[in-house]
Amino acid sequence: MVQISKWKVILVLAICGLGILLASPNVVAPEKVGSIPSWLPNKQMNLGLDLRGGAHLLIEAKVDEALKEGLQALQQGVRGALRRSPAIGYRALGLIPNGITVTLREEKDREEARQRLRDIGDQMLLERDGNRFSLKFTEEQLRERRSNILEQAITILRLRIDPDSVKETSIQRQGSDRILLQVPGEDPERLKRLIGQTAKMSFHLVDPEVSTLDPRRRVRPGTMVLKSRDEVDGAGQPVYYLVKKRVEVSGENLVDSQATVEQGRPVVSFRFDPVGARRFGNTTRRNVDKPFAIVLDKEVISAPVIREPILGGNGIISGNFTTESAQDLALLLRSGALPVPLTIIEERSVGPSLGADSIAAGKIASIFGLIAVAVFMLLAYGGFGAM
């Protein structure tokens with residue numbers, strides 16, 4: 001009779017026990033996994049879209065709008081460069097399909113204007129026709145910019161939808177301006193909320209003379225009327241704020257945001273980088289006892305009054321948040337703003353019925369396979385097979 005060392009038996013049993021322990025979370029209902037202590041295995045097998053069901057979305061990225069915003073920023077840069085001392089007189093500063101154009105008032109300013117424009121668009125084509133200058137992107141540069149915008153959008157979508165990289169998420173580029181998104185086990189409505197927000201956040205001062213107003217009222221230059229996301233007046237109508245256009249601090253300076261609880265209410269905490277912290281501190285120090293609007297995608301999500309200077313670079317966004325909406329907002333801010341608006345042009349909800357049939361068939365096959373192997377081992381090897 002073959003003798004098996006005890007240590008080998010113990011080792012085999014230990015390996016089998018470890019395998020059973022690691023696989024055990026898969027027999028627990030998904031909603032109860034959170035109750036498993038963190039020191040025990042609590043990771044379940046990720047099921048794909050074909051087994052678990054989920055959302056299938058085809059998204060169109062409005063790349064042309066992002067390119068236009070970039071050209072508008074370039075236009076502002078040209079305006080500032082020509083106004084720099086000594087100022088250069090100009091007129092007809094505007095956009096063309098692949099760049100900007102400007103006409104000088106004086107012929108003597110040509111060389112100085114050429115140098116200033118070259119400093120702004122050092123990689124762009126600079127053309128001159130008399131006193132008229134044009135800064136243009138080449139076709140290759142436009143294709144590269146389009147590609148970069150779409151890749152950046154895909155990266156941010158991945159951060160929003162699967163920040164921990166634990167889902168079997170599929171995000172694929174389709175052509176020059178479309179993205180195919182497949183997410184198993186995700187609520188399609190929540191997914192559309194995460195996708196639909198550009199999440200461009202900025203901080204503005206509220207006009208000191210009036211904070212809320214009738215949206216039909218004409219406003220002075222340098223201000224804009226923005227609707228509150230959650231606030232309503234006594235008649236149930238949205239509240240509108242008169243906000244200064246100047247951005248005091250940009251959301252680009254945010255380095256972290258988390259959903260938390262303050263006085264029993266869900267809020268979102270945020271933290272700036274050193275540049276943002278300095279701007280935020282200076283703004284709050286100069287504007288104590290004045291309202292300060294937090295704007296997300298051209299809506300005021302909160303407009304608290306500055307009670308004291310906030311110098312640490314940390315702050316709290318409060319509002320009519322639920323726990324889920326606070327978590328979603330923190331996730332949006334943490335992942336960053338999308339470089340381009342996205343539009344869902346095709347939506348399909350994939351049901352788990354076929355996957356459920358496959359899973360049930362797999363369970364039955366596994367049970368019968370295990371029994372068949374056990375019977376074969378006993379018949380072929382007797383007691384030794386049972387070991």
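Computed from heavy atoms alone, side chains included, the values below leave out hydrogens, waters and symmetry copies.
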Handout entry: Closest contact, heavy atoms only, A303 versus P291
Key = O-CB, 4.4 Å

Practice task
Side-chain contact test, heavy atoms from C-beta onward, threshold under 4.5 Å: evaluate it for D177 versus V340 and give yes or no.
Solution key: no

Problem - hydrophobic_cluster_shared for I301 and I306, side chain cutoff 4.5 Å - result: yes

Fill in the blank from the handout: Between D109 and G89, the two heavy atoms sitting closest are OD2-N, 4.2 Å

Exercise for the section: Check whether any side-chain heavy atom of S176 sits under 4.5 Å from a side-chain heavy atom of L150, and report yes or no. Expected result: no

Problem - Linked, directly or transitively: L338 and L67 (ILVMFWY side chains, under 4.5 Å) - result: yes

Problem - Where at least one partner belongs to residues 139-155, residue pairs that pass salt bridge (Lys or Arg N to Asp or Glu O under 4.0 Å), sequence neighbours excluded - result: D64-R146, E151-R173

Exercise for the section: Kindly work out whether a path of hydrophobic side-chain contacts (I/L/V/M/F/W/Y, heavy atoms less than 4.5 Å apart) joins V295 to V249. Expected result: no

Practice task
Taking the side chain as every heavy atom from C-beta outward, state whether Q258 and D256 have any atom pair closer than 4.5 Å.
Solution key: yes

Practice task
Please identify each residue that fulfils side-chain contact (heavy atoms from CB on, under 4.5 Å) with T101, with sequence neighbours left out.
Solution key: I96, R132, S134

Handout entry: Heavy-atom side-chain proximity of L333 to I317 below 4.5 angstrom
Key = yes

Handout entry: Pairs involving residues 263-273, ordered by first then second residue, that meet salt bridge (Lys or Arg N to Asp or Glu O under 4.0 Å) (sequence neighbours left out)
Key = none

Problem - Side-chain heavy-atom pair L226, H204 within 4.5 angstrom cut-off - result: no

Completion exercise
Under a side-chain separation threshold of 4.5 Å, the hydrophobic residues clustered together with L180 are L58, I345

Exercise for the section: Work out which heavy atom in N253 is nearest to a heavy atom in G276; give both atom names and the distance. Expected result: CB-CA, 3.7 Å

Completion exercise
Looking only at heavy atoms, the pair that brings A330 and A259 closest together is CB-N, 3.6 Å

Practice task
Check the pair L331, Q327 against side chain to side chain contact (heavy atoms under 4.5 Å, CB included), reporting the backbone distance first and the verdict last.
Solution key: CA-CA 6 Å; L331 177 61; Q327 292 173 345; over 6 Å; no

Completion exercise
Residue pairs passing the salt bridge (Lys or Arg N to Asp or Glu O under 4.0 Å) test with at least one member in residues 294-308, sequence neighbours excluded, are K227-E299, R229-E299

Exercise for the section: For residues 70-82, pull every pair meeting side-chain hydrogen bond (donor to acceptor under 3.5 Å, both in side chains), keeping only residues two or more places apart or in separate chains. Expected result: Q76-R79

Exercise for the section: Kindly give the heavy-atom pair with the smallest separation between A66 and P339, and that separation in Å. Expected result: CB-O, 3.3 Å

Practice task
Report the residues that fulfil salt bridge (Lys or Arg N to Asp or Glu O under 4.0 Å) with K68, sequence neighbours left out, ordered by chain and then residue number.
Solution key: none

Exercise for the section: Give a yes or no on whether the backbone of S257 and the side-chain of R334 come within a donor-acceptor separation of less than 3.5 Å. Expected result: yes

Practice task
Establish whether I179 and V183 are linked, either directly or via other cluster members, by ILVMFWY side-chain heavy-atom contacts under 4.5 Å.
Solution key: yes

Practice task
Return yes when atom CZ of R91 has more than 12 non-hydrogen atoms of other residues, nucleotides or ligands closer than 6.0 Å, and no otherwise.
Solution key: no

Problem - Side chain T284, main chain I310, donor-acceptor under 3.5 Å - result: yes

Problem - Side chains of V206 and V300 in contact at under 4.5 Å (non-hydrogen atoms) - result: no

Fill in the blank from the handout: Note: with side-chain heavy atoms under 4.5 Å as the link, the other cluster members for V102 come out as L71, L74, V78, L82, I88, Y90, L93, L95, I100, L104, L117, I120, M124, L126, F133, L135, F137, L142

Handout entry: Partner residues of F203 under the ring pair (Phe, Tyr, Trp, His ring centres under 6.0 Å) criterion, sequence neighbours left out
Key = F270, F272, F280, F292

Practice task
Say whether V12 and I20 are linked into one hydrophobic cluster, either directly or through other cluster members, by side-chain heavy-atom distances under 4.5 angstrom.
Solution key: no

Practice task
For residues 309-329, pull every pair meeting salt bridge (Lys or Arg N to Asp or Glu O under 4.0 Å), keeping only residues two or more places apart or in separate chains.
Solution key: R190-E324, R190-D328, R193-E324

Problem - Side-chain heavy-atom pair N98, L125 within 4.5 angstrom cut-off - result: no

Completion exercise
One should read off an interatomic distance between E346 CD and R178 CZ, to the nearest 0.5 angstrom, of 9.0 Å

Exercise for the section: Run through the side-chain heavy atoms of Ile, Leu, Val, Met, Phe, Trp and Tyr, join any pair under 4.5 Å, and report what else lands in V267's cluster. Expected result: I316

Fill in the blank from the handout: Distance col, row Q182:CD vs I171:CD1, nearest 0.5 angstrom, shows 10.5 Å

Handout entry: Considering all heavy atoms, the nearest A326-V268 contact
Key = O-CG2, 3.5 Å

Problem - Nearest-0.5 Å distance, CG of residue L13 to CD1 of residue I10 - result: 8.0 Å

Exercise for the section: Using modelled atom types only, decide if a donor and an acceptor are shared between the side chain of R128 and the backbone of R110 within a distance under 3.5 Å. Expected result: no

Practice task
Show the numbers, then the answer: is there a side chain to side chain contact (heavy atoms under 4.5 Å, CB included) between I195 and L181?
Solution key: CA-CA 10 Å; I195 293 172; L181 176 63; 3.4 Å; yes

Exercise for the section: Any chance you could measure L191, atom CG, to I344, atom CD1, to the nearest 0.5 Å? Expected result: 7.0 Å

Handout entry: Spacing of T169 atom OG1 and R160 atom CZ [to the nearest 0.5 Å]
Key = 14.5 Å

Completion exercise
When rounded to the nearest 0.5 Å, the distance separating CG of N131 from CZ of R105 is 11.0 Å

Handout entry: Donor on one side chain, acceptor on other, N282 and R279, under 3.5 Å
Key = no

Practice task
Spell out, as yes or no, whether a donor-acceptor pair under 3.5 Å connects the side chain of Q141 to the backbone of Q123.
Solution key: yes

Practice task
Quick one: name the residues clustered hydrophobically with L311, using the 4.5 Å side-chain heavy-atom rule over I, L, V, M, F, W, Y, and just say none if it's on its own.
Solution key: none

Practice task
Assess the side chains of Q152 and N148: does a donor N or O sit below 3.5 Å from an acceptor N or O?
Solution key: no

Practice task
Answer yes or no: are there more than 12 heavy-atom neighbours, outside E252 itself, under 6.0 Å from its atom CD?
Solution key: no

